[in-house]
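Being a predicted model, the structure only gives us computed values, none of them experimental. The chains referred to below are lettered A, B, ... by the order of the sequence lines, with proteins before strands, and numbering in each begins at 1.
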Amino acid sequence: MPTTTGLDAPPVTRRPQNRGVHIVLDRSGSTGVRATTLNDAGEIVEDATTTMTFDDLPEFVRRHEAQLPRPRWVWPDTRAWYPRLLAADVRIDRCVDLQLCHTILRMSALASDSPLARSPLSAWDAATALDDQPSAPAATLFELDLQTDAESASVVTVSAVDEFRSQSEAVALSRSSGRLRLLLAAESAGALVAAEMRYAGLPYSAERHDRLLTELLGRRPATGARPAVLDDLVGEIRRELDSPLLNPDSPPDLLRALNRAGILATSTRSWELRKVQHPVIEPLLRYKKLSRLMTANGWAWLDAWISDGRFHPDYVPGGVVTGRWATRGGGALQLPRQVRGAVVADDGWKLIVADAAQLEPRILTGLSHDTAMAAAGRGKDLYEGIVASGAVEERSQAKVAMLGAMYGATTGESGRLMPRLKRAFPRAVKLVEDAAAEGEKGEVVTSRLGRSSPRPGASWHAAQSAASDSASTAAEERRARTQARDWGRFTRNFVVQASAAEWALCWMADLRQRLTALAPESRLQDGPHLVYFLHDEVIVHAPAPLADATAAAVRESAVQAGRLLFGDFPVEFPVTTAIVDNYAEAK
DNA sequence: CACGGGTGCGCG
DNA sequence: AAAGCGCGCACCCGTG
C-alpha cells in the first residue's frame, strides 16, 4: 500500500455539501460557446443547453452570477477563459478547472481505480503540451486549439461535459472523496486567484525601481552596454587578476584567472569565494551581486514587466509537481529582497503582507499527528518550542534539524542532530522517513488531500534492475543506490511540500471569499484584493480603512485552512501580518 | 544560427 | 555536495 499521509486520521472537516447547479462551458464550433446546465445530480436539465458567441459570454455569466445560489462554472482551462470575463468586470465565485483537476485525478493514488485514471490519454492530458499565449489573454479563447499538431489528431477528444462527469465519478469512487473534492475545489479557486492577481497586478513603482538601479549601477546605459559602475568593477577585477581580457561572466574564464592569481577555488560561486583572502574578492563579489541585479531585474525587466504602475506576472497554478505554483517570465517568485521597496501601495491604500510562520514543519506536524511537535508550536515560534522541549540548545539548530528532516540531510550539523530530533518527535520524523523509503522502492506517495508523486522514469528503473542483476558491477550498484536515495529525498519532501501547497491554496481560497465580503459591491480592483503569492506568503492591496479588517481576514483564513486539512488536530498555523506602504517595510 | 546542458543565483 | 527539497531565468559554451 503506498504511503498516504494521515488516512488513518479522522476525516477532513467538510463544509455542508453545497452541490447546487453546475454550468459547463465549452467551445462550440470555432467562434461560439456552449453552456450546459447540470442539476444537483449531474444530469443535463431539459432546455438547459444554450450557445452564444464569445462576446456574449460575459453578460451571460454576469446574469447567472447575480442569482443565488451562485452556480459553479465548469470550464476547460481558467487561464484561457477567465481573463476575458475579468476584462469585462465580471468576477465569478467558484469554478472547476477541468485541466488542472484532470491532472490531479490522473495521478492520484486515491483515485487510481477510476475509469478516468485507467482511460487512454486524451486531450485533457496534453495540458503541458498546450502552450497558449498568456500575453494576449483576450485572444486565447480563439487561439486555443487542441488539434494543432499532427500527433494530437490521434488523441481522444472528450467533451467538457463528459470530462466533468468522468471526474465526478472518479472522486465519488475514490478512497477519500472528501479530501479530493476539497483539493479540486482549492486547486480551481487557486486558478481564479492567479488570473485575478495577474489582472489586477502587483502595485509597483517603476520610478522607485529606476532610482534604485541608478543609485547602484549608474545611469541607464544604451541597450547592450554595461553601466558605468559595472564597467569600473570589471576594470578593477581585470587589474587585480592581471587579465586584461577577462570576461567575469564566464565561469571557466574566471576560474582560470583566479587560479593563475594563486587562488585555489574549484568554482566561482560567491559562497566559495567569500572564504578567500585576496584583493580581487571584494570587487568581484560586488560585481556578481550588481550584475545579477542588472540582468535579472534591470531596466529591460522594468520595460518588459511593469506597465501602468503594476507588475503583471504570469502565474502557473499547479506548475510544479508538488502543486506549487510556477511563473512564466518575469521571475515573479524570485523577486529579490533588494527591490521590494518598489512594491508600493496606491495613495490611500495599504499593503497587507502576510507570512505563514514555519509552514512546512507545522504541516509535517499535522500530517504525522505529532502531539509533541504540536505542543512545541503552540502559541509561539516552533523552533523556540523545539528548544524549550530540550531536543536542541539553539533556535538555529532546531531550524537546521527540521529542514534536514524534511529534505533528507544525512551529513553535517543537520545529520548529526537527527537522532535527537527523532527521539523528541518520533512521529514526525517517522513520517518523512517512511515517505523516503517508499520513494527508494519506486513507490508513489500522496499528500494530505490526495496529490500523488510521479513515478520515477525508465532510466531509474533500468538502473535499479541493472544493479539487481547477478552480474552487476560495483559501479552499477553504486549508481542505483544513489538514484534510489535521490528519489527517496524527493518523495520525502513531496509529502510535506505538496501538503503545504494545499494549505496555501485553502488559505487563499478562503481569504478570497472574505475579501469579497469586505467590499461586496465593488469591482475587483476597487476593494481589498490579492496581489501577490509566494508559497507561504500573500500580499493584499486594500483601501486603508479596510486594512485592519483585511489583516484579520488573513489570520482567520489561516485558521480555517488548518481546519480544512487537519480537522480538530491541534496544530496551529500562525501568520505574521504587516500593514505597510511598501513591501520592504514588512519583516 | 538554434538548441540544450551546465553554471550560478534569486525565491520559498 | 553548500548537508538536503522544489523552482525560473540569464548567460556561457559546445554541438549540430
Item to check | Any side-chain donor near an acceptor of the partner, S452(A) and T446(A), under 3.5 Å | outcome: yes
Checklist entry - Looking across every strand, which nucleic acid part, if any, lies under 4.0 Å from R492(A) by heavy atom: base, sugar-phosphate, or nothing? => result nothing
Item to check | Verdict with supporting geometry, H209(A) and W301(A), ring pair (Phe, Tyr, Trp, His ring centres under 6.0 Å) | outcome: CA-CA 10 Å; H209(A) 189 92; W301(A) 176 86; 5.2 Å; yes
Checklist entry - Under 4.0 Å between a side-chain N or O of K275(A) and OP1 or OP2 of dA2(C)? => result no
Checklist entry - Just checking D253(A): base, sugar-phosphate only, or nothing, at a heavy-atom cut-off of under 4.0 Å? => result nothing
Checklist entry - With a 4.0 Å cut-off on heavy atoms, is L359(A) in touch with a base, just the backbone sugar-phosphate, or nothing at all? => result nothing
Checklist outcome for this item: Considering only heavy side-chain atoms of L534(A), the closest of dC11(B), dC12(C), dG8(C) is dC11(B)
Item to check | Between dC5(C) (C1') and D536(A) (CG): distance, integer Å | outcome: 14 Å
Next on the checklist: Applying a 4.0 Å non-hydrogen cut-off, can you work out what R489(A) is touching in the nucleic acid: base, sugar-phosphate, or nothing?
Outcome noted: sugar-phosphate
Item to check | Dot-bracket summary - DNA chain C, pairs being Watson-Crick or G-U whose distances fall under 3.5 Å, with | when paired to another strand | outcome: ....||||||||||||
Checklist entry - For D581(A), what residues pass the side-chain hydrogen bond (donor to acceptor under 3.5 Å, both in side chains) criterion, not counting sequence neighbours? => result K350(A)
Checklist entry - With rounding to whole Å, what would you report as the distance between dG4(C) and dC3(B) at their P atoms? => result 34 Å
Checklist entry - Would you say dC5(C) has OP1 or OP2 under 4.0 Å from some side-chain N or O of R324(A)? => result no
Checklist entry - Counting any heavy atom closer than 4.0 Å, what does V400(A) reach on the DNA or RNA strands: base, sugar-phosphate only, or nothing? => result base
Next on the checklist: Quick check on contacts: within residues 410-425 of chain A, what sits under 4.0 Å from DNA chain B by heavy-atom distance?
Outcome noted: none
Next on the checklist: If you compare every side-chain N and O of N247(A) against the phosphate oxygens of dC12(C) (OP1, OP2), does one of them come in below 4.0 Å?
Outcome noted: yes
Checklist entry - Under 4.0 angstrom, heavy atoms only, what part of the nucleic acid is G319(A) near: base, sugar-phosphate, or nothing? => result nothing
Checklist entry - What does R292(A) touch in the nucleic acid at a heavy-atom separation under 4.0 angstrom: a base, only the sugar-phosphate, or nothing? => result base
Checklist entry - Hey, does the side-chain of Q497(A) have a donor or acceptor N/O within less than 3.5 Å of a partner on the base of dG6(C)? => result no
Checklist entry - S270(A) side chain N/O closer than 4.0 Å to the phosphate oxygens (OP1, OP2) of dG8(B)? => result no
Checklist entry - Base, sugar-phosphate, or nothing: which does T322(A) touch, judged by heavy atoms less than 4.0 Å apart? => result nothing
